[in-house]
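We name chains A, B, ... by the order of the sequence lines, and we start the count at 1 in each one. Since this is a predicted model, take the numbers as computed values, not measurements.
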Protein chains: 2
Amino acid sequence: MTVSTVAAAAGVSTATVSRVMNGSTTVAPDMVQRVRAAAAELGYRPNAAAQGLARGRTGTLSVLVPDLANPYFHDVLKGVTAAAGRSGYRMLVADSEEDPDDELGLSHELLRQTDGLILCSPRMPRHDLLTLADDSHAVVCANRLAADIDLPAVTIDAHAGMTSLCHHLARLGHRRVVYLSGPERSWSNQERRHALDRAAAFGLDAVAVACGATMADGHAAIDAALDHDPTAIVAFNDIVAFGALARLRERGVDVPAQVSIAGFDDIPFAAYAAPAITTVRNPKELLGRRSWLLLARALAGERGLEPEVLPPQLIVRDSTAAARDRGNL
Amino acid sequence: MTVSTVAAAAGVSTATVSRVMNGSTTVAPDMVQRVRAAAAELGYRPNAAAQGLARGRTGTLSVLVPDLANPYFHDVLKGVTAAAGRSGYRMLVADSEEDPDDELGLSHELLRQTDGLILCSPRMPRHDLLTLADDSHAVVCANRLAADIDLPAVTIDAHAGMTSLCHHLARLGHRRVVYLSGPERSWSNQERRHALDRAAAFGLDAVAVACGATMADGHAAIDAALDHDPTAIVAFNDIVAFGALARLRERGVDVPAQVSIAGFDDIPFAAYAAPAITTVRNPKELLGRRSWLLLARALAGERGLEPEVLPPQLIVRDSTAAARDRGNL
DNA sequence: ATGAAAGCGCTAACAC
DNA sequence: GTGTTAGCGCTTTCAT
């Protein structure tokens with residue numbers, strides 16, 4: 001079942017079949033009919049590999065995420081597919097499972113099979129990022145800015161987000177806050193942490209506790225966090241906040257009466273948690289769409305694309321309230 | 001940068017390069033060295049499309065899920081990649097976004113680009129499934145059994161799962177239970193519902209309320225559910241249970257004191273909910289692994305593969321307790 | 001407007 | 001053990 005089969009059945013050349021299948025306008029209407037009929041009759045479907053080889057492009061892009069289990073990435077992926085789909089591109093998703101050392105290899109593998117790659121929150125060392133940028137012009141970086149590396153990027157203004165959150169907490173009278181720190185190699189985590197440190201200007205006294213990016217991490221980190229007797233806890237992301245909330249409940253700590261807690265990203269679960277989690281909304285779909293736009297431009301040959309920075313938004317819910325007046329937990 | 005480039009650089013033929021790249025044993029050690037060196041030097045990476053065309057297979061399989069935002073599918077996907085990866089296969093993920101009418105088209109498109117397809121909880125009409133089975137032998141169906149359609153399948157024993165859950169509820173003294181029904185076209189939903197109906201044998205009197213598969217659906221369905229004044233609510237899945245829990249909280253209904261609630265699947269969030277959700281654990285990763293195994297066999301030419309049925313497991317947590325003695329909500 | 005034919009980059013007979 | 005070569009299925013000049 002190839003072009004030749006269809007061509008024979010329709011009594012035309014393979015070139016004509018190809019033209020019809022690709023919607024070329026320079027084909028006589030009756031030929032179009034004949035070919036269409038023959039193709040439909042035979043149930044013909046073009047072979048993607050052959051098309052890819054002949055055209056020099058696959059029509060597929062790939063996205064590499066560190067953890068597919070994090071709902072955060074779904075919305076990003078949705079944004080990417082939606083935007084890329086409109087340009088006739090399909091999306092291949094890969095998961096590095098939070099293994100920074102595997103990312104470079106995976107990226108090369110993906111680049112081999114697809115036309116371009118979107119790295120979502122990559123954890124790989126700076127050096128690998130540099131290698132990748134040297135190897136290919138079809139890579140864009142989401143959620144990470146790498147100075148002096150020629151990689152189109154789109155990020156969130158973590159500083160602005162954290163600042164508005166800190167403002168919120170400061171107005172509620174909080175002073176001692178613990179930050180549940182995300183993965184070491186996460187750029188977002190570093191940004192959030194630094195932004196929080198700068199919030200000392202509002203009178204917030206922040207201390208970081210090593211944590212991670214999963215619910216289990218959040219759950220496990222609470223005991224250490226409470227040792228600092230904070231009135232508020234800021235989690236690396238909503239997932240962590242979620243796990244933390246569970247542990248606080250176990251320990252009988254009332255949220256937000258005794259301790260306030262806030263997350264980051266605004267994943268769907270955040271709004272349904274008990275209590276609903278105050279968070280900094282990340283324009284995830286937009287991030288996905290912009291990433292594709294950047295990739296499309298890179299694919300079209302544009303170089304030296306400027307990094308884009310997207311604005312987050314504070315979402316106040318029920319997990320934050322006025323700091324308790326005095327006393328320890 | 002092609003085989004020829006490398007061949008020229010190494011002073012050998014393209015065939016030898018190909019042999020080395022594919023780990024053929026019938027190559028002299030020094031040639032292997034030369035080729036390896038040249039390839040590394042040039043940073044050569046084989047073109048996947050060309051390989052696919054020449055080999056007649058792409059080395060990629062695809063998985064179609066109805067909703068990538070449902071954490072349930074992550075574990076399934078994890079199982080698939082893990083198993084397929086061991087056989088040198090990569091995985092392409094596609095999301096039909098709960099649009100049953102788009103599934104057939106998407107499936108064909110995926111089949112065109114990859115060697116095989118795993119349909120995860122497909123919602124498409126039976127007729128489309130039949131078409132697909134006729135068109136290809138490289139399709140396996142997870143979470144759906146279609147009688148008289150020659151499609152390798154792996155499912156969960158919903159009946160067993162629902163029965164153990166009903167047992168649990170019956171022993172706690174529940175009689176009036178509401179089932180929050182999932183998507184109309186979901187086979188799992190039908191199975192769960194039927195199994196629940198059969199639980200009348202335990203003295204459970206179940207009534208179904210239309211709901212859906214999202215947190216918002218669960219949230220929205222609670223009001224109608226409470227109209228039936230149930231002592232227990234069984235949700236289509238954990239996501240729905242999660243949304244339902246939020247609404248119950250809003251209405252001031254105490255779970256589990258006034259109403260018990262149970263989910264299905266045991267997604268990670270279930271254990272961290274407030275209260276932790278009693279559920280029926282679905283061996284998701286196993287399901288993924290088995291799906292791949294079936295697909296691999298189909299790809300190898302086996303036909304008439306027997307459907308596999310996996311056992312679920314009741315996980316009792318804090319959202320279910322003894323039925324309230326008397327009185328309405 | 002249509003067809004013939006030359007590749008796209010790689011693999012796998014087949015010959016040596 | 002190594003090289004030659006004929007495709008894999010499609011697109012795309014280039015003629016006509």
Legend entry - Donor-acceptor pair, side chain of Arg34(B) and main chain of Ala10(B), under 3.5 angstrom: yes

Legend entry - Backbone of His127(B) reached by a side-chain donor or acceptor of Thr131(B) within 3.5 Å: yes

Legend entry - Side-chain touch Glu109(B)/Arg90(A), heavy atoms, less than 4.5 angstrom: yes

Inset, instruction - Please report how far the helix from dA1(C)-dT16(D) to dC16(C)-dG1(D) bends, comparing the axis fitted to its first five pairs with the axis fitted to its last five, to the nearest 10 degrees. - result: 40°

Legend entry - Asn47(B) side chain to Ala49(B) backbone, donor-acceptor under 3.5 Å: yes

Inset, instruction - Look at the side chain of Ser87(A) and the backbone N and O of Tyr89(A), then say whether any donor-acceptor pair between them is shorter than 3.5 Å. - result: no

Inset, instruction - Rounded off to whole Å, could you give me the CE-to-P distance for the Met1(A) and dC8(D) pair? - result: 14 Å

Legend entry - Positional range of nucleotides in DNA chain C within the contact set of chain B, heavy-atom, under 4.0 Å: dG9(C) to dA13(C)

Legend entry - Glu302(A) atom CD, over 12 foreign heavy atoms within 6.0 Å: yes

I'd like a table of atom pairs between the protein and nucleotides 11-15 of chain D - only N or O on both sides, under 3.5 Å - with the distance next to each one.
{"unit_1": "dT11(D)", "atom_1": "OP1", "unit_2": "Asn22(A)", "atom_2": "OD1", "d": "3.4"}
{"unit_1": "dT11(D)", "atom_1": "OP1", "unit_2": "Asn22(A)", "atom_2": "ND2", "d": "3.3"}
{"unit_1": "dT11(D)", "atom_1": "OP1", "unit_2": "Gln51(A)", "atom_2": "NE2", "d": "2.9"}
{"unit_1": "dT11(D)", "atom_1": "OP1", "unit_2": "Arg55(A)", "atom_2": "NH1", "d": "3.3"}
{"unit_1": "dT11(D)", "atom_1": "OP2", "unit_2": "Ser18(A)", "atom_2": "OG", "d": "2.9"}

Legend entry - Length of the line joining Arg57(B):CZ and dG9(D):P, which is rounded to integer Å: 15 Å

Legend entry - Distance in Å, Arg144(A) CZ paired with Glu191(A) CD, rounded so as to fall on 0.5 Å steps: 11.0 Å

Legend entry - Residue Glu184(A) excluded, over 12 heavy atoms near CD under 6.0 Å: no

Inset, instruction - Flag the pair Ser107(A) / Leu64(A) as yes when at least one side-chain heavy-atom distance between them is below 4.5 Å, and no otherwise. - result: yes

Legend entry - Exam field: side chain Arg185(A) to backbone Glu98(A), donor-acceptor pair closer than 3.5 Å: no

